[in-house]
Amino acid sequence: MFSFLAQLILFYLAVIITLFLPGWFLLRALPKKTRLFSRLEMFVLSLGFSLAITDAILLLLGALQIAITRWSILGSIAIFCAVTGFIAYRTRLRKPHPELPIGLFSRKQFFLIVLLMGLSLFIRTAYLQNNMVPSATDLGHHMYWTNVIVTKGIIPNYDKKDVAVGTDGNYSISAPQNISDFIIGEHLPFAAIALVSGISVISWFPIVTLLLIDMLTVLAIFILTLRLFEHSPQGKNIALAALFFIGPVFALMPPQAKYVSGGVIGNIIGNLLLPLALYCFLRAFKEKSSLLATLGIAFSMALFYTHHLTGFLFLFLAALSLLIIVVFYIRDIKTIVTDWSKLFFSLPVLSFLAFAVLFLFFVYTPTYLTNHAVDTVVGGPTKIEHTGLTPAQFKSAIGEPRVALTLAGIVFLLAIAYTKRKKVLTAKNKWLRALEFVLPKFPPGSDKQPAYHVIFLFSWSAVISIISLYPAWIKLDIPSGRVANYGVYPFVIIAAAVFVKTFSPHKTEQGKMIFFLKSSLLFSTFALLFSFMVASGFFDNQQNMPTATTPGAIVQTYASADYLSHKVSQSDVVINDHQNTVADTWVKIFFMRNYTYPLYRATNDRYENGIDRQEFCTLWMISTPDTPDSQKCFSQLGVDFTMVSAKDDAAQFQRSPSFWQVYANNELNIYYRPQ
Amino acid sequence: MTTSRTIIIATVLLFACSFSFLAFVGWKQQQYDYSHSWWALSFNNPKSNDISFTIENHSSETAFHWEIFLDKTSISHGDTILSIGETKSIPAIATDVTGRTVTIKVSTPKGTKDIYKKF
């Protein structure tokens, strides 16, 4: 118990040092005449920036050939905090500035925020308590690379050795081949926490860290919504509704708790960085602040060092936003371009861009650029799961009530645009004005400044919808389901706006407060919609809740891997199984030899689709170990140890005269094949 | 009005409760003895002719009976008591094994496991 308490305290200290302090000091050091952020914004942004700063520090250590250790990390962060702390002291505000209005809430709003955060955490915690012994496939892969940094103190070179089939039909283990599936930002924060705290990567800490990032994303959506609707009288209520739609309801479906337990690290961090980048750009454009634009670019850079898929979405979002601005604001384009020039051709932005370019070329270039992997995601879908979702699948991925409310909002807006365009809306920019009817003009009274909040929200949801439903339109080859999961965030914000606007009074031209619905319909419609949202959201939570836990089976995989890792020599080659054993991807962490050591039998579809697996040795050696083909594979690849399920795959080995059964627990057997 | 400082304090407290609970659950479940449900049998030297073996107990069973067979003939046997979390190595020797199979069979009242080498 003492060891656990020590672990827990070290974990909290490591999180504060690596994921809070660097960002907090940086934000404190920003030049300012008045308070830039509310305390809540400061809290969320500090954690977001700390991710980026810790990544940058570790990459710099790697580039300088300094071993990445606990002390080099602590020393570097201490220097960074000391420098930024000194600047913060020099640039501090001389007199205390009160909290920003956006950071002030009524007591009811405060209790509602705490209640919603508590519920969100409670549901995620209830789900994750059944998944706390790590076994997820993706998380196992990621923790292998994290452990490379932890154990070797270097930035990993992402490569693997596969089974190669020669032209003569002989098999061999290939030379190392580059992998583009992993991006360094997925591993650096975990390596930093593991090194500073001393906790093993095979433990609870990766899942708890991912939960922290997921919950911060919930808060990031909250602060983004607050800023998106800053000028709306219902802004805080819309943010609260967004918190409700993203927090407790549909809390488990991807990309939330399911991705936390599944270890889909890139998506989870990307989901935090993208709203934070939008938050900074939104404020930068609105406030014409080159400093905030710099922060937005910094978040975008962190995004490209963490998850290229989110990075691509960000680029498409930016491109569509630009297109919308050019089309709808063509008359004001001169003013807009002038504003943008001042924003981007400024000292902070240009300095940071210069830093980013130097970093890219001299410190670290992401693997998907060095391996030219961008080519693999353009040119149209090649796999069935990349060809686009059906509308029903899309609806399931986002959550039915969120889609329903968003669609209702669109229909509502179109109806308003049709019936009232001459009366309420001017011909100029009528569609955007129509959107502004629900999403108010920003800032009020400004005709020449684009309604960035409307444009960002529209582009965000439109880009995700198009890539998920019709990827061939824009010649993309990425998993449609994964992209659809990103839609949760913009859809939640739009649905929240529609929901709150529908049931809030608004001022007529005569200054009278009226509701959109008749009073007789108001309460019943609200009750119906609210019940629909709650029932669907919690039903989805219940559907996703696991029924059985298998910590006993998982630790037996650990135990057998631990046994074998102490028995093998450098010349031994091991194969294990992905079909019938749990936590198989975690086995490689016990050996730490290569990403594909042990070799493994993949699921059957990987051999059948003609893309993922070009060899059958790994299939044959476990499924039919005694056939001549398999024996040839064993001999030529030098495989002499096999870890398989004791229940599903032991029989074929026990029948064979070629294998010794050298280890047995309730779940796994290990076989040795004397060469 | 409530400032966002109060929200941050409340949120951090909620985070701390949830994370500490999950960490404890994960730590506890990852202990090999947590489920009291399994034990393992293995050769000390899987690649050599040595047939010494180890019993690793993470179950509620304590009484283990072991027996060594040369092909189907029992050549040695014994009993050992292992409490939960305990591991015991049992030295064993077999002669004239060429072309034959040495099997170690270990049983408890609830089940049996075996490991073997085919020389």
Side-chain angles (χ1 to χ4, degrees), chain A residues 4 7-8 11-12 38-41 43 99 103-107 109-110 113-114 117-118 121-122 124-125 128-129 132-134 202-205 207-208 211-212 215 219 549 551-552 554-556 558-560 563-564 567 572 640-641 657-667 670 672 674, chain B residues 1-49 51 53-54 56 58-59 101-106 111-119:
Chain A
F4 166 71
Q7 261 190 18
L8 192 64
F11 170 73
Y12 285 134
S38 75
R39 289 193 177 91
L40 186 61
E41 290 171 327
F43 176 70
E99 175 65 292
L104 293 172
F105 299 90
S106 69
R107 279 184 77 79
Q109 285 170 335
F110 164 73
I113 292 168
V114 174
M117 285 301 289
L121 255 179
F122 176 77
R124 285 163 173 79
T125 305
L128 289 169
Q129 66 168 327
M132 286 312 294
V133 182
I202 308 174
S203 70
W204 49 267
F205 105 75
I207 295 174
V208 170
L211 177 61
L212 169 67
M215 288 306 299
L219 281 175
T549 62
I554 298 164
V555 296
Q556 289 180 72
Y558 295 169
S560 53
Y563 164 81
L564 196 53
K567 304 296 180 189
D572 293 316
D640 50 1
F641 282 103
S658 309
F659 297 94
W660 300 355
Q661 185 167 301
V662 295
Y663 177 96
N665 63 30
N666 295 11
E667 297 290 331
I670 298 175
Y672 174 65
Chain B
M1 294 298 264
T2 310
T3 67
S4 50
R5 176 183 285 168
T6 327
I7 293 171
I8 295 167
I9 293 168
T11 304
V12 169
L13 285 175
L14 287 170
F15 281 2
C17 292
S18 163
F19 298 166
S20 303
F21 170 73
L22 288 176
F24 179 67
V25 169
W27 175 80
K28 193 175 65 172
Q29 291 184 349
Q30 203 172 323
Q31 308 299 312
Y32 283 6
D33 297 332
Y34 166 72
S35 62
H36 292 235
S37 63
W38 64 282
W39 55 277
L41 173 64
S42 58
F43 281 116
N44 294 356
N45 297 298
K47 295 196 285 184
S48 72
N49 288 357
I51 59 164
F53 59 95
T54 294
E56 185 182 346
H58 302 288
S59 72
T101 301
V102 175
T103 304
I104 314 287
K105 195 180 280 286
V106 176
T112 302
K113 286 187 190 4
D114 53 34
I115 51 176
Y116 54 81
K117 290 184 177 182
K118 297 173 178 177
F119 295 105

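Within every chain, numbering begins at 1; the chains are lettered A, B, ... in the order of the sequence lines, protein sequences first and strands thereafter. Bear in mind that the values here come from a model prediction, so they are computed numbers and not experimental data.
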How about A:W204 and B:F19: are their ring centres within less than 6.0 Å of each other?
-> no
Tell me, for [X] versus chain B, whether the close heavy atoms (under 4.5 Å) come from the side chain, the backbone, both or neither.
| X | result |
| --- | --- |
| A:I113 | side chain |
| A:F105 | both |
| A:E41 | neither |
| A:P657 | backbone |
| A:F659 | backbone |

Does any part of the side chain of [Y], heavy atoms only, come nearer than 4.5 Å to the side chain of [X], both counted from C-beta?
| X | Y | value |
| --- | --- | --- |
| B:V12 | A:F43 | yes |
| B:F24 | A:M132 | no |
| A:V555 | B:Y34 | no |
| B:Q30 | A:I202 | yes |

Give the member of A:I670, A:V662, A:D572, A:V208 that has the highest number of heavy-atom pairs under 4.5 Å with chain B.
-> A:V662
In terms of heavy-atom pairs under 4.5 Å, which option from A:F641, A:Y12, A:F11 contacts chain B the most?
-> A:Y12
Which value, rounded to the nearest 0.5 Å, describes the distance between [X] atom [atom1] and [Y] atom [atom2]?
| X | Y | atom1 | atom2 | result |
| --- | --- | --- | --- | --- |
| B:W38 | A:E667 | CH2 | CD | 10.0 Å |
| B:L22 | A:F205 | CG | CZ | 15.0 Å |
| B:S37 | A:N665 | OG | CG | 10.0 Å |
| A:Q661 | B:T101 | CD | OG1 | 12.0 Å |
| A:K567 | B:S42 | NZ | OG | 6.5 Å |
| A:L219 | B:T11 | CG | OG1 | 5.5 Å |

Taking everything shown except A:F122 itself, do over 12 heavy atoms lie less than 6.0 Å from its CZ?
-> no
Please say whether more than 12 non-hydrogen atoms of neighbouring residues, nucleotides or ligands are located less than 6.0 Å from CZ in B:R5.
-> no
What orientation do B:W27 and A:F4 show, parallel under 30°, tilted 30 to 60°, or perpendicular over 60°?
-> tilted
Chain A shares the most heavy-atom pairs under 4.5 Å, among B:A16, B:A23, B:S20, B:S18, with B:A23
Residues A:D640, B:K47: salt bridge by 4.0 Å N-O rule = no
Looking only at side chains, do B:K113 and A:N666 share a donor and an acceptor under 3.5 Å apart?
-> yes
Residues B:S4 and A:E99: side-chain donor-acceptor under 3.5 angstrom | yes
Do A:Y663 side-chain atoms and B:P46 backbone N/O form a donor-acceptor pair below 3.5 Å?
-> no
